[in-house]
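In what follows, a structure is listed as structure tokens, so that the remarks can point back to it.
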Amino acid sequence: MDVGSQVTVLYNSPHQIPLGLLIAQYFYLTGLSAGSFVISVVAILGRKVEYKPLGKIGAILAPLCLILAPMNLLSDMAQPLRFWHLMTYLPGYINFKSPITYGVILLTAYPISATIYAYFVLTGNMKWSKVFAIIGIPLAISVHGYTGFILALGKGRALWNTALMPTLFIVSAMVSGIAMMILIAIVRNMFFMKDKTVEEREKDRQLILGLGKFLGGAIIADLFLLFNDILVLLTSSKEAWETAHLLLWGKFAFEFIGVELFFGSIIPLFLVFYPKTAKTFKWLSIASVLVMIGIYAMRFTVVVGGQSVPLH
Amino acid sequence: MAKEEEKRKIRYAMLVDLRRCVGCQSCSVACKSENEVPLSKFRTWVKIIEKGRYPDVSRQFLPALCNNCENPICNRNCPVHATYIRPDGIVMVNMHRCIGCMYCMASCPYDVRYVNPLRKIVQKCFWCAHRVDAGLLPACVETCLGRALIFGDINDPNSEISQVLATNAVVRLKPELGTDPHVFYIAADADAMDPTKGIDIDKIRFMEPY
Ligand code: SF4
Ligand code: SF4
């Protein structure tokens, strides 16, 4: 007889979920910012002139999202007025081993460099925008990569404590960033290019449809990483198995399987690669909206789902 | 880690002898009153499970508290050094520095920290360091009616805890995570030590931090 099946917990102290939706939202916004920054830089550094409008869109979106992101952090803190404790940058006062400290340094440097970059891109100063593009790329990647470390170093949680986490976060940042760029670019093409010639608008259209293919590639990379993660969770420790259970057929199955995988990845993947739907703005924008919702669900399942396995 | 421990002149530790524990929750109550722990928050508590099928049944207890780890992940992850380690190994939270980011709570593998809803800072068991400094025992140890809790310096071979540790089989919670916890258990039950046993993981309710 399996004794384990007959255990009843009579008394225990409450289980807690310390990091909630606000933190998930913070990760989401930094992801959007990093993703759109990278796309913008690729467009600026590339030789083709027709990519330049994308560069501008990304350059505006990146600092914008990053101004909103830390607001979530501030309102999540129990002592928001003590935020300056983080910003003394003095050894002995802040802990350089903590991923939050990496974050504070990056959250100071990256918005500044992204704003300068946006200024040069919008004023058309190509030389300096290239310089700041090159400075900004490692910052943008690490500003989102470090959020992966925040989770990866939370070693009590099976879903978080994996070396895959920073990479997974960077790739999903690309996915959501591209999706947001596509949406804005479509709006621009449809409503703000009325004064342009037909050829110009058509060129812009092809460009946006090309971004759709990028989106598809990023989704495939994201799915591959998720697959690796889940496969290892299913065969690792008991907590890991319980986490996989929560995601695959337990409490978070709707968010993970339904919203994140099916509506947020599989359907958009089909829409951007199926020849009939890949050529219309209507389906491309639907795919992008689904992707953005899917990545939001991903941040939620990782942050809240990861903490939903009891620890005592 | 081990080196660090040998360097300490004093290294406090706690030993829970479950052969002597009756599950009366006196330690939880003593802690609540000594440290003014707010409602619905606990620095120490006794987890109680029931197992088996009649007539082969038993009730098992597991007093839980902060392990005051030698290599605490809460300390490593605290961005502002609000969490720090005393020379005698006790892990403390500086209430004037804590910004309430709750990262330590998310990192701790034992879920023993909480946010004080009135002071809006993170608190946890620190083995009543204020009492220890005054030469007293932690409140839970003082009150334990079965003398199941033993507190003392494991670097002193003549202390009671060193002698009991040396002559008994002891286990710790989640040693595989490398935090090097310093709460030792004698005769702890495997089912009580397993957080996922005896509950429906899809149905348990979680509490907001504050
Ligand atoms: S039990 Fe948790 S809170 Fe206590 S020292 Fe260890 S890691 Fe930190
Ligand atoms: S909540 Fe306080 S003690 Fe915990 S990591 Fe943040 S600042 Fe440090």
Side-chain angles (χ1 to χ4, degrees), chain A residues 1 3-4 6-20 23 73 76-86 88 92-95 97-101 103-104 150-151 153-157 160-161 237-239 241-242 245-246 250-251 303-304 306-312, chain B residues 25 40-42 45-53 59 64 73 75-82 97-115 120-122 173-174 176-179 191-192 194-199 201-210:
Chain A
M1 190 99 245
V3 181
Q6 295 162 33
V7 174
T8 324
V9 175
L10 297 184
Y11 177 78
N12 205 349
S13 86
H15 305 283
Q16 312 179 78
I17 296 196
L19 305 183
I23 298 294
L73 284 188
D76 190 65
M77 273 158 62
Q79 289 279 2
L81 290 181
R82 291 190 184 168
F83 74 95
W84 62 271
H85 286 193
L86 288 162
T88 53
Y93 284 91
I94 63 170
N95 179 3
K97 278 194 203 154
S98 168
I100 294 191
T101 307
V104 171
I150 286 200
L151 297 185
L153 296 192
K155 69 164 140 192
R157 320 279 175 172
W160 295 359
N161 189 9
S237 66
K238 179 151 191 243
E239 273 89 11
W241 192 89
E242 295 285 0
H245 154 90
L246 279 178
K251 212 198 269 179
V303 173
V304 178
Q307 296 169 93
S308 293
V309 178
L311 295 179
H312 54 64
Chain B
Q25 304 279 9
S40 82
K41 310 283 175 183
F42 299 90
W45 69 94
V46 184
K47 179 179 175 183
I48 304 178
I49 67 159
E50 222 167 41
K51 65 174 188 173
R53 188 168 287 173
R59 206 172 255 199
I73 187 69
N75 175 55
R76 191 205 192 282
N77 283 350
C78 174
V80 293
H81 285 310
R97 266 207 79 69
C98 174
I99 58 170
C101 63
M102 294 177 266
Y103 188 25
C104 51
M105 293 171 65
S107 321
C108 168
Y110 308 93
D111 196 8
V112 292
R113 290 174 164 245
Y114 61 86
V115 178
K120 301 262 192 286
I121 47 157
V122 164
L173 292 174
K174 305 186 190 176
E176 69 278 7
L177 290 174
T179 52
D191 289 323
D194 188 339
T196 52
K197 275 270 171 72
I199 47 164
I201 194 161
D202 290 321
K203 298 228 175 75
I204 46 169
R205 288 200 317 164
F206 284 87
M207 217 169 66
E208 292 292 316
Y210 61 94

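Below, chain A is the first sequence line, B the second, and so on; all start at residue 1. Since this is a predicted model, take the numbers as computed values, not measurements.
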- Item | Donor-acceptor contact below 3.5 Å, side chain B/Arg76 vs main chain A/Lys97 | yes
- Task: First locate atom OG of A/Ser13, then atom CZ of B/Phe42, and finally report the distance between them rounded to the nearest 0.5 Å.
- Result: 6.5 Å
- So, B/Lys51 versus A/Thr8: side-chain donor-acceptor pair below 3.5 Å or not? no
- Looking at side-chain heavy atoms only, is the closest gap between A/His312 and B/Leu173 below 4.5 Å? no
- Nearest atoms (heavy-atom pairs only) where A/Pro99 meets B/Asn77: CD-OD1, 3.7 Å
- Rounded to the nearest 0.5 angstrom, the CE-CD1 distance for B/Met105 and A/Ile17 is 10.5 Å
- Item | Within-4.5 Å side-chain heavy-atom neighbours: B/Met102 and A/Leu19 | yes
- Is a side-chain donor or acceptor of B/Asp191 paired with a backbone partner of A/Val7 at a separation under 3.5 angstrom? no
- Min side-chain heavy-atom separation B/Asp194-A/Lys238 under 4.5 Å: yes
- Query: Do side-chain atoms of A/Gln79 reach the backbone of B/Lys120 as a donor and acceptor pair under 3.5 angstrom?
  - Reply: yes
- Query: Quick one: CD on A/Glu239 to CG on B/Leu177, what's the gap to the nearest 0.5 Å?
  - Reply: 8.0 Å
- Taking all non-hydrogen atoms of both residues into account, name the closest pair between A/Pro18 and B/Pro209 and its distance. O-CG, 3.7 Å
- Task: Supply the atom-to-atom distance B/Lys47 NZ to A/Tyr11 OH, rounded to the nearest 0.5 angstrom.
- Result: 12.5 Å
- Tell me, side chain or backbone of B/Arg59 under 4.5 Å from chain A's heavy atoms, or both, or neither? side chain
- Looking only at non-hydrogen atoms, find the nearest pair between A/Leu311 and B/Cys108 and report the distance. CD1-O, 3.5 Å
- Task: Give, as side chain, backbone, both or neither, the part of A/Ile150 having an atom under 4.5 angstrom from any heavy atom of chain B.
- Result: both
- Message: With a 4.5 angstrom heavy-atom cut-off, is it the side chain or the backbone of A/Val104 that approaches chain B, or both, or neither?
- Response: neither
- Message: Given heavy-atom pairs under 4.5 angstrom as the criterion, report whether the side chain, backbone, both or neither of A/Ser308 touches chain B.
- Response: both
- Task: Can you see which heavy atom on B/Asp202 is nearest to which on A/Lys251, and at what distance?
- Result: OD1-N, 2.9 Å
- Message: Tell me whether B/Asp111 contacts the main-chain N or O of A/Gln16 through its side chain, where contact means a donor paired with an acceptor under 3.5 Å.
- Response: yes
- So do A/Tyr93 and B/His81 actually touch side chain to side chain, heavy atoms under 4.5 Å? no
- Query: Between B/Glu176 and chain A, which part of the residue has a heavy atom less than 4.5 Å away: side chain, backbone, both or neither?
  - Reply: neither
- Query: Are the side chain of A/Arg157 and the backbone N or O of B/Ala106 linked by a donor-acceptor pair below 3.5 Å?
  - Reply: yes
- Just how far is it from atom NZ of B/Lys174 to atom NZ of A/Lys155, taken to the nearest 0.5 Å? 12.0 Å
- Item | Residue selection (most heavy-atom pairs with chain B, distance under 4.5 Å) from A/Asn161, A/Leu153, A/Thr101 | A/Leu153
- Kindly give the heavy-atom pair with the smallest separation between B/Gly52 and A/Gln6, and that separation in Å. C-OE1, 2.9 Å
- Message: Would you say that A/Ile100 contacts B/Tyr103 through its side chain, given a criterion of any heavy-atom pair below 4.5 Å between the two side chains?
- Response: yes
- Message: I need the residue from A/Ala78, A/Pro310, A/Gly156 with the largest number of non-hydrogen atom pairs under 4.5 Å to chain B.
- Response: A/Ala78
- Message: For A/Gly154, is there any backbone N or O sitting under 3.5 Å from a side-chain donor or acceptor partner on B/Ser107?
- Response: no
- Those residues that, when tested against A/His85, pass ring pair (Phe, Tyr, Trp, His ring centres under 6.0 Å) (two or more places apart): none
- A/Asn12 side chain to B/Pro195 backbone, donor-acceptor under 3.5 Å: no
- Are B/Ile201 and A/His245 side-chain neighbours, meaning at least one heavy-atom pair lies under 4.5 Å? yes
- Can you label the angle between the B/Phe206 ring and the A/His15 ring as parallel, tilted or perpendicular, going by 30° and 60°? tilted
- Query: B/Cys101 and A/Asp76: which non-hydrogen atoms are nearest, and at how many Å?
  - Reply: O-OD2, 4.5 Å
- Task: With the side chain counted from C-beta on, respond yes when B/Val80 and A/Trp84 share a heavy-atom pair under 4.5 Å apart, and no when they do not.
- Result: no
- Message: Can you confirm whether A/Leu86 sits close enough to B/Pro79 that some side-chain heavy atom of one is under 4.5 Å from a side-chain heavy atom of the other?
- Response: yes
- So, the part of B/Val46 with a heavy atom under 4.5 Å from chain A: the answer is backbone
